[in-house]
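Data first, discussion second: the structure below is written as structure tokens.
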Amino acid sequence: MSLSSAPDLMVHTAPLYDRVKSVIPSIEWPAFAEDIDAILELKRERDAVILAHNYQTPEIFHCVADIVGDSLALAREAMKVDAKVIVLAGVHFMAETAKLLNPAKRVLIPDLDAGCSLAASITAADVRLLRQRYPGVPVVTYVNTSAAVKAESDICCTSGNARKIVEGLGVPKVIMLPDEYLAQNIAAETGVEIVTWAGHCEVHERFSAADIKQLRAGHPGIVVLAHPECPPEVVAVSDFTGSTAAMIDYVGKEKPARVVLVTECSMSDNVAVQHPDIEFVRPCNLCPHMKQITLPKIRHALETMQHEVTIDPAVAAPARRAVERMLEFR
Ligand code: 13P
Ligand code: SF4
């Protein structure tokens, strides 16, 4: 529990506020400071680390997270965690992946309703049916799926390594699940024939080529970075397509004067904090699942050690193999 009085709290959280002052109005900070202070203390008491996805809000991303990144980075980092407890500030499939890769740790998700429209679009039985329909065709499964779906797969991928994996399998045809647009975008890049599934990210499917056209008309010189979960028509009119981490790298390296990140809203806030000289144009879509995670829920998770992620061992073994194959893939 935090022992700080209100004035003390403002003083000792001032360096944290300094990190986010460009995106959080000062009037809102007192509402965050108490939870942040308590979470930092609870992390020490519980021997916990917080892994946060790039779509988490700035007060989580910049003030309480120990490790931040895209789905691939979070999976890699989860594997290396030494602390006893991992709190996953992200969505359920990310917490499951952390548990698969570091099963001895207690993995907590602050809200069990933090799902994903892609993960919800497909079941293990669907994958078994596809295998029957396309015998011998390898199944590449996006990490945005349940452990049960991963368990039916040959190998996983993320938006950060999908191209490398599909090309590297060295086969003319793969089944790629469940994101239809990611699969179509990768098919266009690689020339590999891809059997798709009609799953979509409810955040990225809402962007259109007309939106990009309008942006370019309203903001001359703008550089458009799109996530590969966007429809192919959006990717076709963007300047760069990549995972959330690849977009962050692009902004850091290329330093465009004016940029739009065609993805979830918190990305621009989180990246803008580090690049005050870049103009971020911000039409974006919120992910309601990512936004289930809040400071009070992270605090509650650490106070009560809920909600612990567990995976049936019969599912965990094959699911882990599919994720590990992805991580070992050269
Ligand atoms: P990446 O961070 O791996 O690009 O994934 C984006 C996403 O939608 C995760 O839910
Ligand atoms: Fe799922 Fe899309 Fe939300 Fe990511 S942004 S968690 S892919 S619904």
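We use all heavy atoms of the structure for the numbers below, so side chains are in, but hydrogens, waters and symmetry mates are not. Read the numbers this way: they start at 1 and go in the same order the structure lists the ligands and their atoms.
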If you measure SG to SG, does Cys201 sit under 2.5 Å from Cys116? no

Distance to 0.1 Å, residue and atom name: give those for the protein heavy atom nearest to atom 6 (C) of ligand 1. His227 NE2, 3.3 Å

Quick note on ligand 1: atoms under 4.0 Å from a heavy atom of Ser159 include exactly 1 (P), 3 (O), 4 (O)

So if I count the atoms of ligand 1 from 1 in the order they appear, which ones are less than 4.0 Å from some heavy atom of Asp70? 1 (P), 2 (O), 3 (O)

Aromatic ring pairing His200/Tyr181, orientation class (parallel under 30°, perpendicular over 60°, tilted between): parallel

If you draw a 6.0 Å radius around CD1 in Ile27, do more than 12 non-hydrogen atoms from other residues or ligands fall strictly inside? no

Strictly distance-based, threshold 3.5 Å: is any side-chain N or O of Asp269 a donor or acceptor partner for the main-chain N or O of Pro58? no

Under 2.8 Å from atom 2 (Fe) of ligand 2, which protein N, O or S atoms are there? Could you list them by chain and number? Cys201 SG

Should the pair His53 and Tyr55 be assigned to parallel (<30°), tilted (30 to 60°) or perpendicular (>60°) ring geometry? perpendicular

If you count the atoms of ligand 1 from 1 in the order shown, which ones are under 4.0 Å from a heavy atom of Met290? 10 (O)

Atom indices of ligand 1, in the order listed, that fall short of 4.0 Å to a heavy atom of Met94: 9 (C), 10 (O)

For atom 3 (O) of ligand 1, the closest protein heavy atom turns out to be Ser71 OG, 2.8 Å

Proximity of Asn144 to ligand 1 by residue part, where a heavy atom lies under 4.0 Å: side chain

Distance filter under 4.0 Å to Glu229 heavy atoms, resulting ligand 1 atoms: 6 (C), 7 (C), 8 (O)

For a side-chain hydrogen bond (donor to acceptor under 3.5 Å, both in side chains) check, start with the C-alpha distance between Thr158 and Ser71, then their side-chain angles and the critical distance, and finish with the verdict. CA-CA 7 Å; Thr158 73; Ser71 313; over 6 Å; no

Ligand 1 versus Thr244: contacting region, heavy-atom distance under 4.0 Å: both

For residues Asn161 and Phe329, determine if any side-chain heavy atom of one lies less than 4.5 Å from a side-chain heavy atom of the other. no

Heavy-atom donor-acceptor pair, Arg320 side chain to Asn102 backbone, under 3.5 Å: no

So does Lys99 pair up with Glu96, basic N to acidic O under 4.0 Å? no

Is it true that a side-chain atom of Asn270 and a backbone atom of Gln56 form a donor plus acceptor pair closer than 3.5 Å? yes

Mark the output for His53 as yes if a heavy-atom distance to ligand 1 is under 4.0 Å, and as no if none is. yes

Mark up the atoms of ligand 1 that fall under 4.0 Å of a heavy atom belonging to Ser243, in ascending order. 4 (O)

Pair Glu324 + Arg321: basic N to acidic O under 4.0 Å: no

